[in-house]
Engineer: 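Please see the structure below; I have some questions.
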Amino acid sequence: MSMEKPNATPEEENLLLHTALFKQVSSEEAEELIPHLRFAVFDKGDYIFSEGDTDHRMYLLEEGRVKLIRQANDERIQLLSIHAPGEVLGEIPVFDPSGGPRTASAIAMNYGTRVAYLEREALFEWLDEHPRVAVDMLQVLAGRMRSNNERICDLVFMDVPARLAKTLLNLASRFGEPVEAGLKVPHDLTQEEMAQLVGSSRETVNKALMDFANRGWIAREGRSIIIYQPGMLIRRSRR
């Protein structure tokens, strides 16, 4: 990990204004907060923060991708989510009145993953001056909670192929790249990580992927997937 100077350049400031947290914030309001931001760059595999940490920082992902994981006592790993530029990370300890520890670890998925972070005290002082912004922040957090609730329901009510189809569609909507054959989704996940994201075993997820490929819906290409028939995946995700 490499740390950078706290002061933002105009280019850096524009990046922050396009994050989910800052999208409704005026330039004047953001300028009051930007001097309190610190920046860091991480290599692939670096931990941005770890489960159990007791810091109270909130992170904004500017470049790269980050995965959130939890580890069980028996060392099994659960991949909770993948985050893209413009998203907020690690907000739970910031708003937890008891100041509890972090509930997950954040790991950089790309070289040159860049984040900005902010200490809770600075954020709360800023929100005291601009309480309207807190409403925008609540909307971001509410969206995160809605996604978590939907994921729980999917694990209970949907079979593995349906969850896999929905996962592929979600990855496509966020990271998909149009190519001549269809939509290329460079997920950068191992087979085990893909299974963790779907919430099943590697063997079961691989079997479902092979079925999708045999039906002509997708093709696997290393750590990418080419989606030929998104409509069929949508239909399968609703069964």
Side-chain angles (χ1 to χ4, degrees), residues 1-9 11-25 27 29-71 77-148:
M1 178 189 74
S2 62
M3 309 299 292
E4 298 189 6
K5 296 180 180 179
N7 295 329
T9 65
E11 180 181 358
E12 291 167 343
E13 179 179 334
N14 289 336
L15 286 172
L16 290 173
L17 289 174
H18 285 87
T19 63
L21 177 60
F22 284 81
K23 65 180 180 180
Q24 302 297 333
V25 177
S27 298
E29 290 170 335
E31 285 173 1
E32 299 174 17
L33 185 59
I34 285 174
H36 298 282
L37 289 168
R38 301 295 182 267
F39 300 87
V41 178
F42 297 86
D43 286 334
K44 183 177 181 179
D46 284 349
Y47 279 70
I48 298 170
F49 54 80
S50 298
E51 184 176 351
D53 286 352
T54 56
D55 68 284
H56 298 113
R57 294 173 177 173
M58 186 172 68
Y59 292 81
L60 303 171
L61 178 56
E62 290 193 287
E63 296 179 19
R65 298 183 198 172
V66 171
K67 59 183 179 182
L68 289 185
I69 67 167
R70 290 198 68 167
Q71 184 169 347
I77 300 294
Q78 177 64 49
L79 176 56
L80 301 175
S81 56
I82 297 174
H83 295 268
E87 296 185 2
V88 178
L89 299 170
E91 71 279 2
I92 292 178
V94 176
F95 294 99
D96 183 354
S98 64
R102 294 199 175 276
T103 58
S105 299
I107 303 175
M109 298 180 66
N110 309 98
Y111 292 103
T113 294
R114 176 180 163 89
V115 301
Y117 61 90
L118 182 69
E119 300 291 348
R120 176 169 62 181
E121 291 75 14
L123 175 62
F124 278 27
E125 288 179 7
W126 184 67
L127 290 176
D128 284 341
E129 296 294 326
H130 306 288
R132 179 189 57 80
V133 180
V135 176
D136 299 324
M137 188 177 298
L138 285 173
Q139 291 175 344
V140 173
L141 299 181
R144 183 78 54 83
M145 184 177 296
R146 183 188 297 274
S147 297
N148 289 338

Engineer: Any side-chain heavy-atom pair from Phe95 and Leu138 closer than 4.5 angstrom?
Structural biologist: no
Engineer: Are Arg102 and Glu51 close enough for a salt bridge, meaning some N to O gap below 4.0 Å?
Structural biologist: no
Engineer: Could you give the distance from CD (Glu119) to CG (Leu37), rounded to the nearest 0.5 Å?
Structural biologist: 10.5 Å
Engineer: What pair of heavy atoms forms the shortest contact from Pro85 to Gly64, and how long is it?
Structural biologist: CD-O, 3.2 Å
Engineer: Treating Arg70 as the side-chain partner and Leu80 as the backbone partner, does any N or O pair qualify as donor plus acceptor under 3.5 Å?
Structural biologist: no
Engineer: Nearest 0.5 Å, what's the CZ-CE distance between Arg120 and Met58?
Structural biologist: 12.0 Å
Engineer: Is it true that atom OH of Tyr111 has more than 12 heavy atoms of other residues, nucleotides or ligands lying nearer than 6.0 Å?
Structural biologist: no
Engineer: Identify the heavy atoms of Thr113 and Arg65 that sit nearest to each other, and give their distance.
Structural biologist: OG1-O, 3.8 Å
Engineer: Can you give me the closest heavy-atom contact between Leu118 and Ala122, atom names plus distance?
Structural biologist: CD1-CB, 3.9 Å
Engineer: Could you list the residues that satisfy side-chain contact (heavy atoms from CB on, under 4.5 Å) with Ile107, not counting sequence neighbours?
Structural biologist: Tyr47, Lys67, Ile69
Engineer: How would you list, by chain and number, every residue that makes a side-chain hydrogen bond (donor to acceptor under 3.5 Å, both in side chains) with Glu32, sequence neighbours excluded?
Structural biologist: His130
Engineer: Can you tell me how far CG of Asp128 sits from CG of Leu123, rounded to the nearest 0.5 angstrom?
Structural biologist: 9.5 Å
Engineer: Determine the minimum heavy-atom distance between Leu68 and Ala106, stating which atoms define it.
Structural biologist: CD2-CB, 3.5 Å
Engineer: Of all the heavy-atom pairs spanning Gly52 and Pro101, show the shortest one and how long it is.
Structural biologist: O-CB, 3.6 Å
Engineer: Under a 4.5 Å cut-off applied to non-hydrogen side-chain atoms, are His36 and Trp126 in contact?
Structural biologist: no
Engineer: To the nearest 0.5 Å, how far apart are CD in Gln139 and CZ in Arg146?
Structural biologist: 11.0 Å
Engineer: First locate atom CZ of Phe42, then atom CG of Leu61, and finally report the distance between them rounded to the nearest 0.5 Å.
Structural biologist: 10.5 Å
Engineer: Roughly how far, to the nearest 0.5 Å, is the CD atom of Glu91 from the CG atom of Leu60?
Structural biologist: 10.5 Å
Engineer: Taking all non-hydrogen atoms of both residues into account, name the closest pair between Ala40 and Tyr117 and its distance.
Structural biologist: CB-CE2, 4.3 Å
Engineer: Got Gln71 and Ile77 here, is their nearest side-chain heavy-atom distance under 4.5 Å?
Structural biologist: yes
